[in-house]
Structure formats: C-alpha cells, structure tokens
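Just below is one structure, and these are the notes that go with it.
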Amino acid sequence: MKQVVYVASPESQQIHVFRLGENGELSPLQIVDVPGQVQPMVIHPDGHRLYVGVRPEFGILTYRIDHEGKLEQAGMAPLPGSPTHVGTDLQGRFLFSASYSFNNVSIHPINEEGIVTAPIHVLEDIQAPHSANIDPTNQLLMIPALKEDRIRLFDFSLQGAATPHHVEALKTKTGAGPRHMAFHPNQHFAYCINELDSSVDVYQKDVTSGEYHSVQSLNIMPADFKDTRWAADIHITPNGKFLYACDRTASLISVLSVSEDGSVLELLGHHATQTQPRGFNIDHQGQFVITAGQKSDGIEVAKIDQSSGALTTLKEYPVGKGPMWVSILEVRN
Ligand SMILES: O=C1O[C@H](COP(=O)(O)O)[C@@H](O)[C@H](O)[C@H]1O
C-alpha cells in the first residue's frame, strides 16, 4: 500500500509531504509554502484532494493531489470564522468547518472538480465548536461544543442542510470540554475526547432507535498526574482494537484497548511523545502512529505492537514551526 503523510505547520505556513514506507520510514516528497497559517486538514474520501483551513484571511484552500501524493493549489473558498477543524461528509459532497472562536460551523459544497466553494449554511450560536463529525450513516452531524459541555446533534440532508436533531445534544460531565471524535469501524460506537478533564466518553448507538447514549467515561491520564489537563486528539485503529488519545501538558499518548464489540475501553499505558502533541494520526494499515509536536517543531513515527497496542518510537523528523495537524493518504491511482 502506498501512503503519503501531510503535516501542517501554521507558524512557518508550510505543509510537509512525506512518503510513508512499509517499515515506517518517511521520505521527503515536497514542502508546500501555503498562503496563510495552515491549521486543520482533511483528505477528500476519493483521495484526490486535500482541504486546509488558513488564517488570518479565513479560508479553505483546495489542493489537487497527484499520483505521487504531491500537492498543487486549485482553489480558495471564504469562511465565516477562523478554521479550527475541517471534515467532509462520507460521500465527499460537502465540507464542514468548525470555528471555535466564532462559535459557528459552516457547510460548503464541494464542486465537480473537487473544489470547496462558499458556504451554503452556517450554524450559529454553538459555543466553542471544536470539530464537526459526520456519523457513519452520513445523516447525523455531531459537533462537540467545548463551552457547552455537550455534543450538539444535527440531521444532515443530501442537499447539505443541517437541522437540529430531535435529541438536541449529548451531555458530557460538567467542565469536561468535548473536543474531537472517532468512530468504531463496526459503526455502533462513537468516542469523544474531552479537552479540559482529559477523559474519553464512549457513546453507543441503539440498534433500534439509532440514538447515541453514553456508556462509559474514562480518565486517560496517569494516576499521579497533578498538572492542568489539556487533551487534544483521538484516533482508533482500522481494526478497532486500539484507541489512542493525547494530552498536551503531559506530552503523552494514552494507549487504550477497545473491547471486541467496541463498548468498553481500558487504559493500557502511556507513550512519551513530541512536546505538546496537538494532532496525530494512524496510518491506513494500522501499523504506525504519527504525532506532531507543536513545541518540538517535529514529528515522530511510532510503531504499534499489534498484540499489546504499545507504541515504540521509530524515528523523529523535523518539519515546519508549530506543527499541529497530521493527515495520511492511501494512494489509489
Ligand atoms: O486547542 C485549542 O484550541 C482552541 C481553538 O483553537 P484555534 O486553533 O481555533 O485557535 C483554543 O482556543 C484552546 O485554548 C486550545 O486548547
């Protein structure tokens, strides 16, 4: 499998592009100078476009991805707020941009050329939305609103409209600060990392009603950790066996096992990683975790032990300044 890694570094306005070898070795492919501070990124489901949010002129840049994984800018769409997180629906017809500081989430059509266009809907008055995640049905938009301690729920239509779901939201613990989400490959469970108390909540989808409800909340920090909790990102392996979540104060990745059905998480241990890990990702074969250190100006590739889930650092690589987002492409020509 041919894979390509993209790392966004806002302070130096760059995207570093690497080829990921089967042994976890990264080889430089390209360094893209971005016209703006590049933060969140997402790859189109067809693998042919990369979308990135930029500031201080708020916008979504579309990059064409060539057969090797190299990027070429193809468009720029305006945004109604600073981009904190971007995602697409599962068919790749719409892009969602969540703005933490502007309390909104915008919905943008992706045109026939794969280019993101101006928003057709803006969901306002969501307090500090930290991400916008389409669930596996492609019909429910889940928006962790950090300052509401709720995951707001919206029905998403084929036309790209989002209307409040009849269950308005999923409530977290007070002061938890819901942030990023991951979905089990069996499509029955969603996991949300809470920034302010560094916990992970497990939500089960009822097979009959299709509604999510909370089934577990788990502390991801070491028992003796006393400092300010500051969690950031969460990802699950493609086979659904292990879940990884990071905390920036501790510069740790927590390793969690996922029960066979997806309902129960268990904290297995911690992996010391790059300083202030704000973004990381897992490759498509579930072999490696690649983590960006916002304060190390570098990334590391760590190998996943397939039976224990434990991480072993293979190598570190310098990138641009303040790296905070990692996206990984499976090249399909
Ligand atoms: O991770 C964080 O993100 C929010 C919003 O960040 P931005 O990328 O949209 O500026 C930030 O305010 C918060 O303090 C921080 O923990």
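Just so it is clear, the model here is predicted, and its values are computed rather than measured.
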Of all heavy-atom pairs between [X] and [Y], which one has the smallest distance, and what is that distance?
X: Ile282; Y: Pro238; result: CG2-CD, 4.2 Å
X: Gly21; Y: Phe288; result: O-CE1, 4.2 Å
X: Gln3; Y: Asp283; result: NE2-OD2, 2.9 Å
X: Thr275; Y: Ser251; result: CA-OG, 3.4 Å
X: Gln274; Y: Gly293; result: CB-CA, 3.5 Å
X: Pro35; Y: Gln13; result: C-NE2, 4.5 Å

Rounded at 0.5 Å granularity, tell me how far [atom1] in [X] sits from [atom2] in [Y].
X: Tyr6; Y: Ile290; atom1: OH; atom2: CD1; result: 12.5 Å
X: Gln187; Y: Lys205; atom1: CD; atom2: NZ; result: 7.5 Å
X: Tyr203; Y: His213; atom1: OH; atom2: NE2; result: 11.5 Å
X: Cys192; Y: Ile151; atom1: SG; atom2: CD1; result: 4.0 Å
X: Ile328; Y: Phe280; atom1: CD1; atom2: CZ; result: 10.5 Å
X: Ile60; Y: Met76; atom1: CD1; atom2: CE; result: 9.0 Å

Decide whether [X] and [Y] are clustered together by the hydrophobic rule: side chain heavy atoms of Ile, Leu, Val, Met, Phe, Trp, Tyr closer than 4.5 Å, transitively.
X: Val326; Y: Leu20; result: yes
X: Met41; Y: Phe18; result: no
X: Tyr51; Y: Trp325; result: no
X: Leu311; Y: Leu268; result: yes
X: Ile236; Y: Leu267; result: yes

Side-chain donor or acceptor of [X] paired with backbone N/O of [Y] under 3.5 Å:
X: Gln276; Y: Gln294; value: no
X: Asp149; Y: Gly177; value: yes
X: Asp155; Y: Leu140; value: no
X: Asp201; Y: Ser217; value: no
X: Asp206; Y: Glu211; value: no
X: Gln306; Y: Ile304; value: yes
X: Gln30; Y: Leu71; value: yes
X: Thr88; Y: Gly92; value: no
X: Lys2; Y: His67; value: yes
X: Glu300; Y: Thr273; value: no

Legend entry - Candidate pair Gln39 and Arg278, rule side chain to side chain contact (heavy atoms under 4.5 Å, CB included), full reasoning: CA-CA 11 Å; Gln39 284 208 5; Arg278 179 157 168 175; 4.2 Å; yes
Inset, instruction - Could you go through the side chain to side chain donor-acceptor pair (under 3.5 Å) check for Asn138 and Arg93 one step at a time? - result: CA-CA 11 Å; Asn138 210 36; Arg93 296 178 60 234; over 6 Å; no
Inset, instruction - Could you give me the CA-CA distance, side-chain angles and deciding distance for Arg19 and Val331, then say whether side chain to side chain contact (heavy atoms under 4.5 Å, CB included) is met? - result: CA-CA 10 Å; Arg19 174 83 187 271; Val331 181; over 6 Å; no
Inset, instruction - Say whether Ser99 and Ser82, considering side chains only, have a donor N or O and an acceptor N or O under 3.5 Å apart. - result: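 Distance-only check passes for Ser99 and Ser82.
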Legend entry - Polar contact flag, side-chain donor to acceptor under 3.5 angstrom, His44-Arg49: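 Note: His44 and Arg49 side chains miss the donor-acceptor criterion.
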Do [X] and [Y] have side-chain heavy atoms sitting under 4.5 Å apart?
X: Leu265; Y: Gln216; answer: yes
X: Leu256; Y: Tyr191; answer: no
X: Arg152; Y: Pro129; answer: no
X: His188; Y: Val207; answer: yes
X: Tyr100; Y: His85; answer: no
X: Glu148; Y: Asn103; answer: no
X: Ile193; Y: Asp233; answer: no
X: Leu329; Y: Leu50; answer: no

Inset, instruction - Report yes if the distance between the aromatic ring centroids of Phe102 and Phe58 is under 6.0 Å, otherwise no. - result: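 Phe102 vs Phe58: aromatic centres under 6.0 Å.
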Inset, instruction - Evaluate side chain to side chain contact (heavy atoms under 4.5 Å, CB included) for Cys246 paired with Thr291, printing each intermediate quantity in order. - result: CA-CA 9 Å; Cys246 63; Thr291 309; 5.9 Å; no
Legend entry - Whether His130 and His180 hold their rings parallel, tilted or perpendicular, with breakpoints at 30° and 60°: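 The rings of His130 and His180 stand perpendicular, inter-plane angle above 60°.
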Inset, instruction - Could you check whether the rings of Phe242 and Tyr244 sit parallel, tilted or perpendicular, using 30° and 60° as the cut-offs? - result: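 Because their plane-to-plane angle lies in the 30° to 60° range, the rings of Phe242 and Tyr244 count as tilted.
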Legend entry - Where at least one partner belongs to residues 301-319, residue pairs that pass salt bridge (charged side-chain N to carboxylate O under 4.0 Å, His left out), sequence neighbours excluded: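 Non-adjacent pairs meeting salt bridge (charged side-chain N to carboxylate O under 4.0 Å, His left out): Glu25-Lys315.
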Legend entry - Of all pairs that satisfy salt bridge (charged side-chain N to carboxylate O under 4.0 Å, His left out), the ones with a partner from residues 246-255, not counting sequence neighbours: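 Qualifying pairs, neighbours excluded: Glu195-Arg248.
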Legend entry - Other ILVMFWY residues reachable from Leu141 by side-chain steps of under 4.5 Å: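 For the cluster that includes Leu141, the remaining residues are Leu90, Phe94, Phe96, Val105, Ile107, Ile120, Leu123, Ile126, Ile134, Ile143, Phe154, Phe156.
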Inset, instruction - With side chain to side chain donor-acceptor pair (under 3.5 Å) as the test, would you mind laying out the steps for His48 and Asp46 before giving the verdict? - result: CA-CA 6 Å; His48 295 305; Asp46 73 9; 4.9 Å; no
Inset, instruction - Check the pair His184 / Asn186 against side chain to side chain donor-acceptor pair (under 3.5 Å), numbers first and verdict last. - result: CA-CA 5 Å; His184 194 284; Asn186 70 14; 3.2 Å; yes
Inset, instruction - May I have the step-by-step check of side chain to side chain contact (heavy atoms under 4.5 Å, CB included) for Asp33 and Gln14, ending in yes or no? - result: CA-CA 5 Å; Asp33 289 315; Gln14 291 169 312; 3.7 Å; yes
Inset, instruction - For atom NZ of Lys171, decide whether the heavy atoms of other residues, nucleotides or ligands shown that lie under 6.0 angstrom number more than 12. - result: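 More than 12 within 6.0 Å, yes.
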Inset, instruction - Return yes when atom CD of Glu124 has more than 12 non-hydrogen atoms of other residues, nucleotides or ligands closer than 6.0 Å, and no otherwise. - result: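 More than 12 within 6.0 Å, yes.
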Legend entry - Test side chain to side chain donor-acceptor pair (under 3.5 Å) applied to Ser199 and Asn194, step by step: CA-CA 5 Å; Ser199 64; Asn194 297 306; 2.9 Å; yes
